[in-house]
Structures are given as structure tokens and as C-alpha cells.
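To start, the structure itself, in C-alpha cells.
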Amino acid sequence: METLLKNGHIVSSKEIIIGDLLIKEGKIDKIGDNINAPGAEEIDCTNKYILPGIIDAHVHFRSPGYEEEEDWETGSSAALAGGVTTVFDMPNTNPKTVTLKALDQKKALAKKKSHVNFRFFMGATGDNIEEINKAGDDVIGVKVYMGQTTGQTVKDDGMEKLLKNLFEQTNKVIAVHAEDEEMIEKRMEIYRDENSPEIHSLIRNDAVAFTATKKAVHLAKKYRGRLHICHLSTKKEVELLRKYKDITCEVAPHHLFFTVAEYAKQGNFVKVNPPIRSQNDVDALWEGLLDGTINIIATDHAPHLRKDKETGYWQAPAGMPGVEFVLPLMLDSVNKGRITLKDIIRLMCEGPARIYGLHKKGFLKEGFDADIVIIDMDIKREIRNEDVVSKCGWTPYAGRILQGWPVMTFVRGNLLVENGKIVSGQTGAEVPIGT
Ligand code: DOR
Ligand code: ZN
């Protein structure tokens, strides 16, 4: 079965060309002018843009263990609806993904139910390096939580040793949640008698994130490790990482689109670790995106149930969903002139493929997997909670009217989503590493 995408704007981080793209047996067979392919199903892409499928290098799809919030069927459907064709899932599930057995269990679940391509992080416990190395290419990277967060508690005492060992003894990307545990605990004491969501950004202030990031950077340099900082949120971190081109980092959409002013409107629904910040920080993150300091946009999609978010500050879990609307949010930003489509490809397709060494993904090139999203930059639509595909059933972006939406998503050549509706049940596959 062949599909011919006719006369679209084909986008890479370097250029946008107008042309045709032929999909054959799940791969991009040919890109060029006036491709002739008798028998192929033709899709007119005039005035539309053809992008590599989005790679979200940081999601929490919650399975196994917390399927009341999300599972591989609902999480991957939400991804597809938003033009995301590959996800990397985090280890804070139940059981935690810290053993080969847990990894295999998660893999089996995803294989059965996921509509998108997937890969897994393995969590570092301090004594599972052997398991991590045994897993080989089955793990995309190692996740280290320097500060406590949903489903994770850490002891700071062993952190330096843990990072040293990982940097020295594995060749994996070490992806770090950088918040300083000791500081968090001290600062929680200061605010213990208060109960408003605003204190979240005061407890976990910018120094909490910066201190941990600085520590991780120092250790990566000292032990020559491959460090990736997750969800950068502060100006100070952007300024620090601007100096270290061999350390990579990502930003989450909630740190780009919310400031602390949002607590007044959404309360604990925007409680997240690390927390939302000041306008000054948000501006610095956008600057870091544009000047190449930040390498990836990844959502940290963390679906929590409304009933859990509707409790008091101290009980409410941290995290918010994001995989479904990150692309429209960024496309709307292109329409507003804040960023270019080429930047989007660099940050959401090529960047993650490069950093994690994905095999034939992230680029529209002949021979590459036909993971493709077609977008219409003119469509204007309001985000509504009623339309949310993620099992959690809400989004912090509800009410925003965005211009620029995905209209078709292909995974390995198969059209799976058309205008937000799933049209095929194909399930995904792991993403091979290497060239
Ligand atoms: O706010 C967060 N929620 N930060 C994390 O690091 C984990 C996530 C979750 O899994 O809910
Ligand atoms: Zn996360």
C-alpha cells in the first residue's frame, strides 16, 4: 500500500520545500517534485505542512499501576491526536521500572496497546546499574530523581555517589530531575502552616532547581558523564547551561505557557515539579529555545485525576497532562511570530532523535520511518476539556483558542488519526537505536 502526499510544504530544521512525499511499506520512499506513483492513494497537501511525527521524550503513561489516570491505549491516543508519534515513558509506575522484570512487563503492555512508538527510561536506585546495563538498548536512558516527586522519594546522601557511578559505569543518557531534596525539606518547614497553591513555587524556588542542576553539571564534568537535564524551569539554569554545549536539556510546555499568576485561576491544577515560575524565567526559557541552549521540548505529561487535584495544597499531587496539546501550542506560537516552524522541528523531532540516537526517526528523509504529521496552520480551535482524549479528562490549557492544528497523523506509514479522530487501531513498536 502506497500513499502519496502531494504538493505540501515539507519542513526540516534547515529548510521548507514544496513538493511530494511518497510513503511505501511504512517508510519514506521518495521526496521530490511531481512524483508519479500509479495506484498510490493521493492526499492533497496544498497549503498544508508536512512534518516528521513529534517525539515526546518525557511522558508518564502510568501503566502499570495507576491505570485509573492513564494507560497505554488512552495515553497513546492522546499523543496521536496531538501529532506525537513516539514517546519515552518514565519509570515512576508501580512497580517502578528499576528491574529487567518490570521493564519487560511494561514493554508487554505497551506492545499490546500503544498506538505510537515507545521507549522506556529505567529509574536509578543506587544498586541497579547492573540491571540497567543488562537491559542494553531496551532502555533509552536512565532517570534520576534528585528531589522527591510523584511516586518517588530520594535520599540526598547517596546522590553524588549514585551520579558518579552512573556517569562512570553506563553509556546511557542520564536524565535528571534536578531539584535539591535537602532544600525542599527545609523550605517545606517554613511554609508548613500555609495551605495555598502559590507556596509551591516558594518552597521549590529557583534556587532549589539551580542548586541541583549545578550539582549534576559539576558531577557530569568531573566524571565525564552524558547528562540531560529534564524540564528546565529557571533563568539561572538557562544561563548555566548556555556554557555547556555537551550537556543537553529540555523544557516542558507548562514552563513556557504559565507563570505563577496562573495559581489564582487554576490552583493545584497547575501544581507541578519543578513548579511554574515568574515571567522573567519564562522569557529566559523562550530565549534559550531560540538560541539553541535548550535542545528539546518534552511534555512531562503527568495526568492526575481531578478529584486528587481538588484537594488541599499539601495533598494534591504535582503534574499536569501535556502530550495532546504541545504541538498546537507551539504552532500557535509560530503563528504569533514567537518561534519558527523550523525551530519546532529542531526541538520536537530532530533534537530528541539525535540526543537519544533513534534509528531513522525525527527527519523526513528517504529510507526513514514514515512517522508523519500533516498540519494546517490556518485552523483555529478552542481547547475544551470535553474533547480531551487523555483518561484524566482535563487540560490546563482549556479555554485557549489556538491557530495551527494537526490534521493527519501517520505512524510507520499508516494513517491513524484524521482531524482528531482515530481511524485505525494499529499499535506501535519500540524504536530501534543507532544508525
Ligand atoms: O510534577 C511532576 N509530576 N513532576 C514529576 O517529576 C513527576 C510527575 C508525575 O509523575 O506526576
Ligand atoms: Zn516527569
Side-chain angles (χ1 to χ4, degrees), residues 56-71 75 78-79 87-98 106 119-124 140-154 173-181 184 197 199-201 203-204 208-209 212-213 216 228-234 237 249-255 257-258 260 262-263 266-277 296-309 311 313-323 326 352 390-392 394-396:
D56 188 346
H58 189 149
V59 304
H60 298 264
F61 278 0
R62 299 288 190 237
S63 186
Y66 306 104
E67 280 91 354
E68 68 282 8
E69 294 180 349
E70 198 78 282
D71 60 41
V87 296
F88 301 162
D89 188 60
M90 287 296 166
N92 57 341
T93 42
N94 188 14
K96 293 192 197 341
T97 321
V98 295
K106 189 183 265 191
R119 276 275 174 180
F120 309 107
F121 279 91
M122 208 147 144
I140 194 80
V142 182
K143 182 68 185 284
V144 177
Y145 290 91
M146 292 177 79
Q148 60 181 289
T149 190
T150 312
Q152 292 292 137
T153 41
V154 286
V173 175
I174 310 300
V176 168
H177 178 123
E179 288 188 286
D180 189 87
E181 182 59 20
I184 294 172
I199 61 172
H200 196 57
S201 295
I203 294 173
R204 294 175 180 247
V208 168
T213 292
H228 176 80
I229 305 283
C230 294
H231 35 54
L232 221 64
S233 61
T234 67
E237 290 168 290
C249 61
E250 69 191 35
V251 67
H254 42 263
H255 293 126
F257 292 99
F258 294 128
V260 287
E262 199 64 25
Y263 287 123
Q266 302 205 52
N268 291 320
F269 283 85
V270 288
K271 176 180 176 184
V272 63
N273 297 335
I276 53 175
R277 307 274 185 205
I296 296 185
I297 298 170
T299 64
D300 198 7
H301 176 80
H304 286 287
L305 298 181
R306 282 173 200 258
K307 71 171 176 44
D308 297 331
K309 284 289 199 181
T311 54
Y313 166 71
W314 294 96
Q315 297 80 35
M320 56 185 114
V323 75
V326 66
S390 165
K391 202 187 268 189
C392 69
W394 64 277
T395 164

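All figures in this text were calculated on a predicted structure; none of them were measured in a lab. One-based numbering, in listed order, for ligands and for the atoms of each.
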- Item | Partners meeting ring pair (Phe, Tyr, Trp, His ring centres under 6.0 Å) with His60 (sequence neighbours left out) | His58
- Message: So does Pro274 get a backbone contact from the side chain of His255, meaning a donor-acceptor N/O pair under 3.5 Å?
- Response: yes
- Apply side chain to side chain contact (heavy atoms under 4.5 Å, CB included) to Pro197 and list each qualifying residue two or more places apart in sequence or on a separate chain. Tyr263, Asn268
- Under 3.5 Å: donor-acceptor pair, side chain of Lys391, backbone of Asp71: no
- Task: Decide whether an N or O pair under 3.5 Å exists between His304 and ligand 1.
- Result: yes
- Please check if any side-chain donor atom of His304 sits under 3.5 Å from a side-chain acceptor atom of Arg62, or the reverse. yes
- Hey, does Asn92 come in under 3.5 Å of ligand 1, counting only N/O atoms on both sides? yes
- Message: Please verify the inter-ring angle class for Trp394 with Phe269; under 30° counts as parallel, over 60° as perpendicular, anything in between as tilted.
- Response: perpendicular
- Do side-chain atoms of Lys309 reach the backbone of Gly267 as a donor and acceptor pair under 3.5 angstrom? no
- So, leaving waters aside, the tally of protein N/O/S atoms less than 2.8 Å from the Zn ion (ligand 2) stands at 3
- Residues forming a side chain to side chain contact (heavy atoms under 4.5 Å, CB included) with Glu68, sequence neighbours excluded: Tyr66, Leu305
- Message: Counting non-hydrogen protein atoms only, what is the nearest one to atom 8 (C) of ligand 1? Give residue, atom name and distance.
- Response: Ala302 CB, 3.8 Å
- Task: Looking only at protein heavy atoms, identify the closest one to atom 7 (C) of ligand 1 and say how far it is in Å.
- Result: Thr149 OG1, 3.6 Å
- Does ligand 1 have a heavy atom under 4.0 Å from the side chain of Lys271, from its backbone, from both, or from neither? neither
- Item | Check: Arg62 N/O within less than 3.5 Å of ligand 1 N/O | yes
- Item | Closest approach of any protein heavy atom to atom 1 (O) of ligand 1, naming residue and atom | Asn273 N, 2.8 Å
- Decide yes or no for Phe258 and Val272: does some side-chain heavy atom of the first lie under 4.5 Å from some side-chain heavy atom of the second? no
- Note on the structure: ligand 1 atoms nearer than 4.0 angstrom to some heavy atom of Val272 are 1 (O)
- Between Glu262 and Pro396, is any pair of side-chain heavy atoms under 4.5 Å apart? no
- Query: In terms of residue, atom name and distance, what is the protein heavy atom nearest to atom 3 (N) of ligand 1?
  - Reply: Ala318 O, 2.9 Å
